[in-house]
Amino acid sequence: MTNILITGSLGQVGSELIDYLSASFVGKIYATDIREESTLKPNSKVSYEVLDVRNMESVENILDEKNIHEVYHLASILSAKGEQDPYMAYNVNLTGTINILNACVTEDVKKVFIPSTIGVYGPEVDKANAPIRHNSIPTTMYGITKFTSEMLFQYYHNKYGLDVRSLRYPGLLSYKVAPTAGTTDYAVSMIREAASGNSYECYLERNTKLPMLYMPDAMQATLRLMTSPEEAIQIRTSYNVMGFSFSPGELEEMLKEFNPDFTVTYKPDFRQKIADSWPYSIDIQDAVNDWNFKPEFNLRDTVSDMIKNFKCQLI
Ligand SMILES: NC(=O)c1ccc[n+]([C@@H]2O[C@H](COP(=O)([O-])OP(=O)(O)OC[C@H]3O[C@@H](n4cnc5c(N)ncnc54)[C@H](O)[C@@H]3O)[C@@H](O)[C@H]2O)c1
């Protein structure tokens, strides 16, 4: 029996991860978030609690009271929202993360998953196949907090032996829960509008290429990382993972194959600067070598599956 705690569980990743975890683990799942009301669908293995990760005492109490063995720490303020409120992003992303790491040590939690992001790279990084170890300094508050968090993962592993595991997710594509706070969110919105027969106004330039991953592959990668033997995990900062790269213009062209009348206008806003600081592909070789990362969906399969599911939601 493994008791699992998820923070930030009502977000884009948490809402989907819960289904994968409840299908693969025997035990209880404590889904938490700062929001009062749960938006999760009923599941007998899952109970919902309010938890603000900035509050150390609350974090320690829940780990102790629920006898938690594994933590999936997803509570975060993402890139676009982080630039609108950098102070909050600092507090949630850094104070929240050190609270989780510290409480996991004091409450004897065995294993922790904390996602990182391609936002840890800065504008000086090689844009193609960016290496896992890099010296580029991120320029967003999101990137600064996630880059520092990666150092903390390694520190807590080296100093306390805490089994912290992490993936640098690229933009995640999903038709189930709409993303609302990131820079790569345009892709989900553009696919949804094409499926609905609408036009779309894009907040990034036509040629801005970024790395992406379809949510089922992101979930499989997360489970594969977390169930791999401890000795397989060679990287204690964060592993790069991605499926494919594309620009808004390339996505528009592909969507026209599904809906020939689809049109996109381009009106870049503050998120363009964030996207310009990120690489358009990242080196995934360590994930492939260490725990057999193997994404199954290419861009065409992803778009086709998302269009089909968005159309079902319209009926
Ligand atoms: N979605 C992506 O494309 C993407 C890409 C790269 C990395 N990630 C990482 O994956 C993780 C999950 O991202 P997501 O897309 O689900 O984000 P999200 O914004 O959809 O969800 C984050 C959740 O955290 C909650 N939250 C905010 N402040 C909190 C606090 N103080 N205490 C507890 N909960 C709080 C929010 O209510 C929200 O439900 C994050 O670490 C993020 O950096 C996501």
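Computed from heavy atoms alone, side chains included, the values below leave out hydrogens, waters and symmetry copies. In each ligand, atom 1 is the first atom listed, and ligand 1 is the first ligand listed.
With N3 contributing its side chain and H69 its backbone, the two residues share no donor-acceptor pair below 3.5 Å. Within the 3.5 Å criterion, the main-chain N or O of L78 finds no donor-acceptor partner in the side chain of S76. K256 places no side-chain N or O within donor-acceptor distance of the main-chain N or O of D261, the cut-off being under 3.5 Å.
Classification of R206 and E250 as a salt-bridged pair fails, no side-chain N sitting under 4.0 Å from a carboxylate O. Between K110 and D108 there is a salt bridge, since at least one side-chain N of the basic residue sits less than 4.0 Å from a carboxylate O of the acidic one. A salt bridge does not link R236 to E150: none of the charged nitrogens lies less than 4.0 Å from a carboxylate oxygen.
For ligand 1, the 4.0 Å heavy-atom shell takes in G8, L10, G11, Q12, V13, D33, I34, R35, L51, D52, V53, R54, L74, A75, S76, L78, V92, P115, S116, T117, Y142, K146, Y169, P170, G171, L172, ordered by chain and residue number.
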